[in-house]
Amino acid sequence: MHRGRRNRGRRANRLGKRDAPNAAAARLRTARCGARADLLGDAAPPQPSGARPMRLTRFFLPLLKEQPAEAQIASHRLMLRAGMIRQAASGIYTWLPLGYRVLRNVERIVHEEQAAMGANAVLMPTIQPADLWRESGRYDAYGPEMLRIRDRHDRDMLYGPTNEELITDVFRGAVSSYRDLPRILYHIQWKFRDEVRPRFGVMRGREFLMKDGYSFDIDSAAAIHSYNRHLVAYLRTFERMGLKAVPMKADTGPIGGDHSHEFLILADTGESEVFLDSAVLDLALGDRAIDFDSRDGLQAIVDQWTKPYARTDETHDAALFESAVPEARRTVRRGIEVGHIFYFGTKYSEPLGARVAGPDGAQVAVEMGSYGIGVSRLVGAAIEANHDDKGVIWPEALTPFHAGIVNLKQGDAEADAACQSIYDRLTAAGLEPLYDDRDERAGTKFAAMDLIGLPWRVTVGPRGLKSGVVELTSRRTGESQELTPEAAVAKVAAIYGR
RNA sequence: CGGGGCGUAGCGCAGUCUGGUAGCGCGUCGGUUUUGGGAACCGAAAGCCGCAGGUUCGAAUCCUGCCGCCCCGACCA
């Protein structure tokens, strides 16, 4: 636990440094986010910087003071209490504004890292024709987890639990030569699996948002390079989110080989027991430059991360664990699976006839892999790994707002003006503050901020303003410092590399 | 799918055993006093008591059926 905390702190620093020189990318991200918020009709007017600040008096944030009866684990409880989600049916949720902002952050980071690794974003439909699944043989194999639908013409349809068939269909119709390889296609789309017993809120819902990607290569060596691209891209993705996700050897089933890994975030409420060499927890990519086109370079990183023992109970080998890991580093914890990568060869390309002509003119089935990230699940997992008894503690990369501004005396001319000024300056810096401008007591505002977990809070009151200072408080450590309003803004901007 | 539990105001719950027309706390609204960590007092609004049928003079309460939600297990991730 203590180690985890320290690591998170160090990682936040590293990421801050890495982001700083990357101002162009940061602006691009902000701009894209802003443009999208416009379409989605957020209340605040667009700012020149593209940032979307918010006043609490205009924000739909239904907080619950009491514990919802149906929620058992911290993330589910806190997501309901913090007004992030609301259940529509068992395992199906509406994402309210606060939760939706976090979900969008997760999505954004996934998109950016997929692009950096060379994947192409697409968007496949949620509803799929059953015939495609009959072709792969999975229509009958999938069982009652698959939601089957019939349209008005009595055609069998289904709400997709995954997309291998569709993507292979797209691919086989468009690609016929080895010259068109490799390709990596992915999308982020809602899936539905009719779980017998949904639970733990978005951690195990029936409807869930998932990034699933598919690689197409001419031979096994090329396919393993694609696999390695994903493994490293996933390391970057989770690290950027401020999360410690460990790749663990996964079961490859009948296909065999070493090329399947699950990424697990360590948390006491995790669904799997995990066994690992604590050395893997000290690894970090940091701001290392990565050439995704270098086979040897990627393989070296993959080796470094997959060499230490790390397995779930499914693949755990007690004898090997004891012989390979020094006793002091043997760690047994629980983990939440947030990613899964899999090289499966010609399992789908063969039956679906996805073939290309090789250099020698012979038709060969393409070598494929599939790669998933549980986008909506990550929101819950991030909370499981980052909360205390007062509420959520967002990593900077995922937080729905960069900082909260608490006006301790709403209506006081000086306090109001100081808050407005801080709000404007943070916004001008490209950040998105949440200003609690409600006419509420201090305690109520503090409790709300603690619950929703913004990592930084600027507290403004007449008492401090008399001596020209406001208070900047870290949600994670609880440490406060008194600064001039200008210095507080500068400090928050620096934390976010702005 | 097997076992268990629960549906009563926005949230958390009592009332059901023993039938007599609905209550508490929080929240909400109005007022007064407060105001640097979920304030105090006064007043108010808000319920097809999950749905349908039955028994009864009378049903939140008893009976039958259905629906929904939660927990344990199996499953899945």
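Just so we're on the same page: letters track the sequence lines, and every chain starts at 1.
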Rounded to whole Å, the CG-C1' distance (A:Leu63 to B:rC26) equals 14 Å
Checklist entry - Can you check whether A:Lys65 has a side-chain N or O nearer than 4.0 Å to OP1 or OP2 of B:rC26? => result no
**Message:** Please give the distance between the P atoms of B:rA74 and B:rG12 as a whole number of Å.
**Reply:** 29 Å
Hits for ring-ring contact (aromatic ring centres under 6.0 Å, His included) against A:Tyr214, two or more places apart or cross-chain, chain-then-number order -> none
Open item on the list: Roughly how many Å apart are B:rG2 and B:rC66, using the P atom of each and rounding to a whole number?
Closed with: 13 Å
As its Watson-Crick or G-U partner within any shown strand, both distances under 3.5 Å, B:rC49 has none
Review point. Any luck finding a side-chain donor-acceptor pair between A:Tyr371 and A:His261 under 3.5 Å?
Key: no
Between NZ of A:Lys466 and C1' of B:rG36 the distance, given in whole Å, is 12 Å
Checklist entry - Roughly how far apart, to the nearest Å, are B:rG19 and B:rG54 at atom C1'? => result 15 Å
*Write down the distance separating the P atoms in B:rG23 and B:rA60, rounded off to the nearest Å.*
13 Å
Expressed as a whole number of Å, how far does the C1' atom of B:rC24 sit from that of B:rG31? 24 Å
When both distances are under 3.5 Å in a Watson-Crick or G-U wobble arrangement, the nucleotide paired with B:rG30 is B:rC42
The Watson-Crick or G-U wobble partner of B:rA77, with both key distances under 3.5 Å, is none
Within residues 399-409 of chain A, the residues having a heavy atom closer than 4.0 Å to RNA chain B are A:Leu408
**Request:** Check if the side chain of A:Arg81 and the base of B:rG10 share a donor-acceptor pair of N or O atoms closer than 3.5 Å.
**Result:** no
Separation of B:rG10 atom P from A:Leu96 atom CG, nearest Å, is 17 Å
Result for 5'-nearest mapping on RNA chain B, choosing between A:Gln67 and A:Asp450, is A:Gln67
Exercise for review: Pick the P atom in B:rA9 and in B:rG47, then give their distance to the nearest Å.
Suggested key: 10 Å
Mate of B:rG36 across any strand shown (Watson-Crick or G-U wobble, both atom pairs under 3.5 Å) is none
Q: Have a look at A:Arg457 and say if it touches a base, only the backbone sugar-phosphate, or nothing, with a 4.0 Å heavy-atom cut-off.
A: base
### Query
How about A:Arg148: does its CZ atom have over 12 heavy atoms from other parts shown lying under 6.0 Å from it?
yes
**Message:** Using the C1' atom as the point on both nucleotides, what is the distance between B:rU8 and B:rC69, in whole Å?
**Reply:** 15 Å
Problem set entry | is_close_aromatic(A:Tyr343, A:His230), centroid dist under 6.0 Å | no
When A:Phe446 and A:Glu440 are each assigned the nearest nucleotide of RNA chain B, the 5'-most assignment goes to A:Glu440
Short question: side chain of A:Asn228, backbone of A:Leu231 - any donor-acceptor pair under 3.5 Å?
no
In whole angstroms, the gap separating P of B:rC26 from CG of A:Leu64 amounts to 16 Å
>> Applying a 4.0 Å non-hydrogen cut-off, can you work out what A:Ala447 is touching in the nucleic acid: base, sugar-phosphate, or nothing?
In response: base
Quiz item: Relative to each other, are the rings of A:Phe342 and A:Phe344 parallel, tilted or perpendicular (30° and 60° limits)?
Solution: tilted
To the nearest angstrom, the CG-P distance between A:Leu61 and B:rG38 comes to 19 Å
Evaluate A:Met203 against A:Val379 for side chain to side chain contact (heavy atoms under 4.5 Å, CB included), listing each step before the verdict. CA-CA 8 Å; A:Met203 296 264 288; A:Val379 177; over 6 Å; no
- request: In whole angstrom, give me the gap between the P atoms of B:rG58 and B:rG20.
  value: 15 Å
- Query: Under 3.5 Å, is there a donor-acceptor pair between the side chain of A:Thr484 and the main chain of A:Ala487?
  - Reply: yes
Practice problem: Return yes if the base of B:rG27 and the side-chain atoms of A:Glu66 contain a donor-acceptor N/O pair under 3.5 Å, otherwise no. | Solution: no
So what does A:Gly464 touch, heavy atoms closer than 4.0 Å: a base, only the sugar-phosphate, or nothing? base
Do you see a donor-acceptor pair shorter than 3.5 Å between the side chains of A:Gln420 and A:Asp424? yes
(request) Give a yes or no on whether the backbone of A:Gln72 and the side-chain of A:Arg77 come within a donor-acceptor separation of less than 3.5 Å. (result) yes
Re B:rG7: Watson-Crick or G-U wobble partner, both distances kept under 3.5 Å, found to be B:rC67
By the Watson-Crick or G-U definition, both distances under 3.5 Å, B:rU21 is matched with none
Paired with A:Gln128, the side-chain contact (heavy atoms from CB on, under 4.5 Å) test is passed by just one of A:Leu158, A:Ile149, A:Thr162, namely A:Leu158
Per-nt protein contacts along nucleotides 69-77 of chain B (heavy atom under 4.0 Å; B base, S backbone sugar-phosphate only, - none) come out as SSBB-BBBB
